[in-house]
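The next block holds one structure in the form of structure tokens; read it before the comments.
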Protein chains: 2
Amino acid sequence: MAELSRATGVPVATIKYYLREGLLPRGEVTTSPNQAQYGEEHVRRLTLVRSLVEVGGLSIAAVRAVLGAIDDPAVPLHDTLGLTIDAADAPAPAVDDPLHAAAAERIDAIVAERGWRLSPDPPARRAAIDALATMHRVTGDRLAGLAPVYAEAAERIAEADLDTVTAVEAPETRVETALVGTVLGERLLAALRRLAQEHVSAQRFPPPPT
Amino acid sequence: MAELSRATGVPVATIKYYLREGLLPRGEVTTSPNQAQYGEEHVRRLTLVRSLVEVGGLSIAAVRAVLGAIDDPAVPLHDTLGLTIDAADAPAPAVDDPLHAAAAERIDAIVAERGWRLSPDPPARRAAIDALATMHRVTGDRLAGLAPVYAEAAERIAEADLDTVTAVEAPETRVETALVGTVLGERLLAALRRLAQEHVSAQRFPPPPT
DNA sequence: AGGAAGTGGACAGCGTCACTATCGGATAAC
DNA sequence: GTTATCCGATAGTGACGCTGTCCACTTCCT
């Protein structure tokens with residue numbers, strides 16, 4: 001275990017915690033109940049967990065849910081790709097006010113226009129509606145034009161995501177790739193958006209030359 | 001205060017907490033030190049705070065930082081737009097390993113190729129590097145092709161963002177619009193990406209007809 | 001053979017965060 | 001004049017993500 005800690009930079013106490021929480025499989029018991037063997041697979045899994053938690057911002061519970069899904073061979077790739085955001089988001093208390101109804105209509109209109117074929121009421125739809133309704137609550141409909149632009153960008157991105165994932169040969173690493181791509185890709189995208197905003201902003205409001 | 005609570009649906013105790021934390025300006029003291037007057041402005045501010053915290057997922061400290069910036073007339077719009085992610089992210093401990101160096105090169109290459117002109121070492125650059133380096137650590141360079149695609153999408157999105165913000169006339173609501181657009185837009189984009197992923201995935205791996 | 005050092009596991013404790021419950025004195029409403 | 005409400009301060013709560021301590025056992029070194 002100390003070796004595992006050294007290899008990954010994760011404190012031993014934290015490794016124990018992850019073992020307790022079921023985020024990391026137990027090592028092979030060798031000769032005695034206080035000596036376990038950890039291998040390459042453990043290093044990879046632990047790295048994955050740390051990445052999801054630290055960079056991806058997932059909670060321990062969300063990570064457990066996601067890992068449970070990717071370890072279950074009965075869950076197909078298609079579902080696994082989605083599980084991430086689904087697991088990370090709260091169960092969505094299903095609010096019911098006029099703003100949400102209007103936002104739902106808008107989202108559904110976008111989905112219909114783009115021809116997206118989806119399962120009935122996926123969690124991400126709920127999340128999109130929440131975000132849109134909240135935008136409306138705060139700013140009126142000043143941000144109304146954004147959603148279609150985002151949807152087009154999202155489709156382009158999703159195609160790149162799927163291209164990348166299907167290009168992975170090994171079925172085991174494929175699921176992992178999908179997971180990391182979804183979770184960390186969100187962070188990367190957000191950061192790039194911010195950089196692009198800064199660029200466009202500087203372009204339109206040129207700073208006074210020093 | 002009870003009225004403010006009724007108007008926004010936020011518990012009185014929480015309003016008191018926000019007052020304490022400086023997220024909400026005190027009401028006008030009227031006749032006595034135990035009677036305060038809250039107005040329309042308080043309702044809007046409180047709604048904004050709740051939106052950022054609940055839907056946007058910002059911490060109280062991040063909200064305080066952002067609000068402090070938008071209330072300060074010395075901070076120009078250009079900076080305000082960016083403050084959000086900057087304030088929400090941790091101060092970034094500036095790691096220094098080969099993976100980060102390689103990721104930094106890639107990000108800088110993308111920035112250069114797209115012709116983005118940025119301030120030196122903005123926080124979002126750090127965040128992008130972190131995400132990319134972590135992707136690499138976990139999956140090797142299987143996800144290498146994604147970043148340029150994301151960057152192009154990010155630019156398109158940022159242009160829509162800026163279009164929307166500059167279209168807002170009133171300078172006061174403009175900053176608020178920028179803020180909400182940045183924070184909630186990120187959520188909306190993530191949710192739409194997930195929906196698009198589901199669609200593209202279903203398209204490429206058609207589910208067995210029932 | 002003997003002692004120091006290391007190992008894995010159980011369990012309790014800690015620090016942070018976002019609230020929430022209680023109290024007390026003062027005022028407003030009737 | 002009594003009752004109800006209000007505001008502010010302070011302490012407390014529950015969830016989360018670890019972290020510290022202890023213990024029986026084993027391994028290594030001499």
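The structure displayed is predicted, hence computed values, not measured ones. Note on naming: letters A, B, ... go to the chains in the order of the sequence lines (proteins, then strands), and numbering restarts at 1 for each one. Side-chain atoms are counted along with the backbone in the values below, which use heavy atoms only and exclude waters and symmetry mates.
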Which nucleotide in the list dT20(C), dA10(C), dG8(D) gets nearest to the side chain of Lys16(A)? dA10(C)
Within less than 4.0 Å of OP1 or OP2 of dC7(D), is there a side-chain N or O belonging to Arg20(B)? no
N/O (side chain, Tyr17(B)) to phosphate O (OP1/OP2, dG8(D)) under 4.0 Å: no
Examine dC19(C): is either OP1 or OP2 under 4.0 Å from a nitrogen or oxygen in the side chain of Tyr18(B)? Give yes or no. yes
Describe the nucleic acid contact of Arg64(A) in one word from base, sugar-phosphate, nothing, applying a heavy-atom distance below 4.0 Å. nothing
Whole angstrom value for the distance that separates P of dC7(D) from NE2 of His42(B): 12 Å
Roughly, in whole Å, what's the span from CG in Leu23(B) to P in dC19(C)? 10 Å
Test log, rule side chain to side chain contact (heavy atoms under 4.5 Å, CB included), inputs Val165(B) and Asp161(B): CA-CA 6 Å; Val165(B) 169; Asp161(B) 288 338; 5.5 Å; no
Under-4.0 Å side-chain N/O to phosphate OP1/OP2 contact, Ser59(B) with dC17(C): no
Between Met1(A) (CE) and dG6(C) (C1'), how many Å, whole number? 12 Å
Short side-chain N/O contact from Thr14(B) to OP1 or OP2 of dA18(C), under 4.0 Å: no
Starting from the 5' end of DNA chain D, give me the residue, Pro11(A) or Val12(B), whose nearest nucleotide shows up first. Val12(B)
Provide, to the nearest angstrom, the distance between the CD1 atom belonging to Ile60(A) and the C1' atom belonging to dC18(D). 9 Å
For Glu105(A), look at atom CD and say whether over 12 heavy atoms of other residues, nucleotides or ligands are found less than 6.0 Å away. no
Taking C-beta and beyond as the side chain, do Arg137(B) and His100(B) meet within less than 4.5 Å on heavy atoms? yes
In this structure, how many angstroms lie between the C1' atom of dC17(C) and the CD atom of Glu54(B), rounded? 15 Å
Can you check the Leu4(B) CG to dG8(D) P distance for me, whole Å? 12 Å
From CG of Leu24(B) across to P of dC7(D) the rounded distance in Å is 12 Å
Does dG8(C) have OP1 or OP2 sitting under 4.0 Å from an N or O in the side chain of Arg26(A)? no
Can you tell whether the side chains of Arg44(B) and Glu176(B) come within less than 4.0 Å, N to carboxylate O? yes
Interatomic distance, Glu3(B) CD vs dT5(D) P [rounded to whole Å]: 15 Å
Is it true that atom CD of Glu3(A) has more than 12 heavy atoms of other residues, nucleotides or ligands lying nearer than 6.0 Å? no
Nearest to the side chain of Tyr38(A), heavy atoms from C-beta on, is which of dA9(D), dT20(C), dG9(C)? dG9(C)
